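Working notes for the structure below.
Along the sequence shown, residues are numbered consecutively beginning with 1. Note that ligands are numbered from 1 as they come in the structure, with each ligand's atoms numbered from 1 the same way. Because the structure is a prediction, the values reported are computed rather than measured.
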Amino acid sequence: MDRKRMFIDGRFCDSESGETRATVNPATEEPIAEVPVATVGDARRAIEAARRAFDSGVWSGMSPADRAKALMRVFAALKEREPDLAELEARDGGSTIRKTSMMDIPVGIEHFRLLVELGEKVPAYEPLPWVDFPFVSWNFVNREPIGVCAGIIPWNFPFMMAVWKTAPALIMGNTLVLKPASDTPLTALALAECAAEADLPPGVFNVLTGSGSVVGTELATSPLVDKVALTGSTATGRHVMRLAADTVKKVTLELGGKSPTIVLEDADLDIAVDGALFGTFFHAGQVCESGTRCFVPASIYDEFMARLRERVGHIKLGDTLDFETTMGPVVSKAQLETVTGYIDVGKKEGARLFCGGCRPGHLAKGFFVEPTVFEGVSNDMRIAREEIFGPVLSVIRYEDVDSAIAMANDSVYGLGGAVFSRDVPGAIALAKRLRTGTVWINDYHLLNALAPFGGYKQSGVGRELGPHGLLEYTQVKHIHVDLTNDRKKKFWYDYIFNDE
Ligand code: NAP
Ligand code: MG
């Protein structure tokens, strides 16, 4: 079996304990590679390397254009490996090769380039509005990197998430310690290989493979780390936020969701039915912004559901390395148990199983679950309130649009959502009433590297992507330059002097 090493201070290395863990292909249940299990000591070495690299100014002191040049060498190395990365991502995380070769890898690599190019243009100098006070000064803001950042990422889009943490942190002048999820470490390690080929200064970019409870805890608590950016579940987000509080680290959190898809009476049903299914069953539902609650008007309910049943039949489960397969397994045995547990909960709560609900009979191995649709769901059932993170759609019938909006907003989450309608201005007006970070109109899931992504409510703190996401990797310094140049005019000094 392939034995991988992690990347600390510009070198590939084993864990100091020598311990390794096998990463498994969820479609075959077979181990594919061994990776080091980092200890607290390893994590400290990586953090110290990132701290030294930051404090030396070797990276933060470089011009944005030079940083961009170095990062574009990483981009070129990624581009060269595109087909290998697509296969690696499919094998490690259980995505279909269809998805990783059409989406995760090419789009992830493009996002890397776009974020670097956008970050290069963020001006360090920001003028401030002129205020006519009785003193004369020049005031401006200098945008500066935050320092040492930690990126902790999940298993559902391992490469894309690695890119979203790495490109913004580095182009804005920070150094980074990246921790991939234990189930899917391989493409983050491939990114480290590309960084090594690109000759980034040692310590600027480090990848630690290890558990959240050990490595993640050290990253979130170390006084040498200035910011922690986590993508993961809301439970982990709460925990990391608490851990980060002791050292008052900056945090950005991209967390869970239970997003609504609202179909209006005038929707084009060819688009709406496929959109609702794409919104839920893309990557077997393991997408944080998945539209797992679908609100359908009573007036078109029967037609919508009949079409939905027909279209679900075109989702094909099977060998993830076969281009014909359109849906893979969930990531692990533990996740499979969570998903099948929720299907049982849905039945017990009185929702009707409309289709799916089982493990597919024709696949002997792998953590597969059929695309599952519940109808007769009410918004207070657990399957409508809790994130399942698997291929389970809850359909909720509604009578009037106001009640659909009220139910859509009745959630602790607020990450994504969609409105399907032929009346685009009307759909935009509804989108504005949804308390959620992204709303698609007549579409789902498309994320644009130039547009901010993140959550309202318990779906997160801060934004990733676009100018808003890049600014999360900077802090502002106000510089005040006195232009009075005359002690007599500086009457405010007299607040403390009595020269009478
Ligand atoms: P998770 O269990 O929260 O894990 C996410 C990451 O956090 C992993 O690297 C994990 O390490 C680490 N971690 C776990 N416990 C930790 C701790 N105590 N301290 C520090 N780090 C810790 O989430 P997941 O199950 O991998 O991913 C699924 C969740 O992520 C879903 O809820 C989904 O909605 C959310 N998600 C959100 C977005 C978004 O952009 N908003 C995107 C993707 C996924 P280990 O792997 O070693 O446990
Ligand atoms: Mg794996």
- Just heavy atoms, cut-off under 4.0 Å: does L230 contact ligand 1 by side chain, backbone, both, or neither? side chain

- Item | Chi angles and distances behind the salt bridge (charged side-chain N to carboxylate O under 4.0 Å, His left out) call for E337, K333 | CA-CA 6 Å; E337 281 160 10; K333 188 153 185 287; 3.2 Å; yes

- Go through the side-chain N and O atoms of T20 and E34 and say whether any donor and acceptor fall under 3.5 Å apart. yes

- Give the ring-plane orientation class for W155 versus F389, where under 30° counts as parallel, over 60° as perpendicular and anything between as tilted. perpendicular

- Regarding S17 and S15, is there a side-chain donor-to-acceptor distance under 3.5 Å anywhere? yes

- Message: Quick check on contacts: which atoms of ligand 1 are under 4.0 angstrom from a heavy atom of H239?
- Response: 17 (C), 18 (N)

- Task: Determine the interplanar angle of the F12 and F7 rings, folded into 0 to 90°, and report it as parallel if under 30°, tilted if 30 to 60°, perpendicular if over 60°.
- Result: tilted

- No-hydrogen, no-angle side-chain donor-acceptor test under 3.5 Å, T231 and K165: yes

- For atom 8 (C) of ligand 1, find the nearest protein heavy atom and state the residue, atom name and distance (0.1 Å precision). I153 O, 3.3 Å

- Message: For a 4.5 angstrom cut-off between non-hydrogen side-chain atoms, does L450 reach L118?
- Response: yes

- Task: Quick one: look up the protein heavy atom nearest atom 44 (C) of ligand 1 and list residue, atom name and how far away it is.
- Result: N156 ND2, 3.2 Å

- Message: With respect to W164, determine whether any N or O atom, backbone or side chain, lies less than 3.5 Å from an N or O atom of ligand 1.
- Response: no

- Note on the structure: The protein heavy atom nearest to atom 23 (O) of ligand 1 is S233 N, 3.4 Å

- Message: Using heavy atoms and a 4.0 Å limit, tell me yes or no: is S211 in contact with ligand 1?
- Response: yes

- Query: Hey, is ligand 1 close enough to W155 that some N/O pair sits below 3.5 Å?
  - Reply: yes

- Assess whether atom CD of E80 is packed by more than 12 heavy atoms of other residues, nucleotides or ligands within 6.0 Å. no

- Message: Other residues, nucleotides and ligands only: do more than 12 of their heavy atoms fall within 6.0 Å of CZ on R81?
- Response: yes

- Would you give the length of the straight line joining atom NZ of K347 to atom CD1 of I383, rounded to the nearest 0.5 angstrom? 11.0 Å

- Query: Does an N or O anywhere in D183 fall below 3.5 Å from an N or O of ligand 1?
  - Reply: no

- Can you pull out the closest protein heavy atom to atom 41 (N) of ligand 1? Residue, atom name and distance to 0.1 Å, please. L255 O, 2.8 Å

- Message: Under 6.0 Å between ring centres: does that hold for F453 and W164?
- Response: yes

- Message: Please tell me whether Y413 and E387 have a donor and an acceptor in their side chains that are separated by less than 3.5 angstrom.
- Response: no

- Using heavy atoms and a threshold below 4.0 Å, how should the contact between E387 and ligand 1 be classified: side chain, backbone, both, or neither? side chain

- Is the CE atom of M241 crowded by more than 12 outside heavy atoms at less than 6.0 Å? no

- Report, in ascending order of atom number, the atoms of ligand 1 lying under 4.0 Å from any heavy atom of G256. 34 (O)

- Message: So, regarding T236 and ligand 1 (criterion: nitrogen or oxygen to nitrogen or oxygen, under 3.5 Å), is there a contact or not?
- Response: yes

- Looking only at heavy atoms, which two atoms of V35 and P185 are closest? And how far apart? CG1-CG, 3.8 Å

- Task: Kindly confirm or rule out an N or O of G232 lying under 3.5 angstrom from an N or O of ligand 1.
- Result: yes

- Message: Counting only heavy atoms closer than 4.0 Å, does ligand 1 sit against the backbone of V240, its side chain, both, or neither?
- Response: side chain

- Close approach of F453 to ligand 1, heavy atoms, under 4.0 angstrom: yes

- Message: Within rounding of 10°, what is the angle whose vertex is the Mg ion (ligand 2) and whose arms end at O of V24 and OG1 of T23?
- Response: 110°

- Would you check the N or O atoms of P154, main chain and side chain alike, for any that come under 3.5 Å of an N or O of ligand 1? no

- Query: In the protein, which heavy atom is nearest to atom 46 (O) of ligand 1, and how far is it?
  - Reply: S182 N, 2.9 Å

- Task: With rounding to the nearest 0.5 Å, note down the distance linking CD in E472 to OG1 in T252.
- Result: 6.0 Å

- Query: Quick one: which of S213, G151, C288, A150 has a heavy atom closest to atom 39 (C) of ligand 1?
  - Reply: C288

- Min N/O separation S459 to ligand 1 under 3.5 Å: no

- Query: Is there a heavy atom of G210 sitting under 4.0 angstrom from any atom of ligand 1?
  - Reply: yes

- Task: Around atom 5 (C) of ligand 1, find the nearest protein heavy atom and jot down its residue, atom name and distance.
- Result: T231 O, 3.6 Å

- Task: Heavy-atom distances under 4.0 Å are what count here, so tell me which part of F389 touches ligand 1: side chain, backbone, both or neither.
- Result: side chain

- Query: Which atoms of ligand 1 are found less than 4.0 Å from any heavy atom of L415?
  - Reply: 41 (N)

- Using the six-membered ring of F112, assess whether NZ or CZ of K79 lies under 6.0 Å from its centre and within 45 degrees of the ring axis. no

- Message: For ligand 1, which is the ligand I care about here, please tell me if G212 has any N or O atom under 3.5 Å from one of the ligand's N or O atoms.
- Response: yes

- Message: What is the name of the N/O/S atom of D183 that is nearest to the Mg ion (ligand 2)?
- Response: O

- Item | Protein contact to atom 12 (C) of ligand 1 [nearest heavy atom, distance to 0.1 Å] | I152 CG2, 3.6 Å

- Query: Rounded to the nearest 0.5 Å, what separation is found between the CG atom of L255 and the CG atom of L230?
  - Reply: 6.0 Å

- Of M160, K179, Q335, M161, which has the heavy atom at the shortest distance from atom 10 (C) of ligand 1? K179

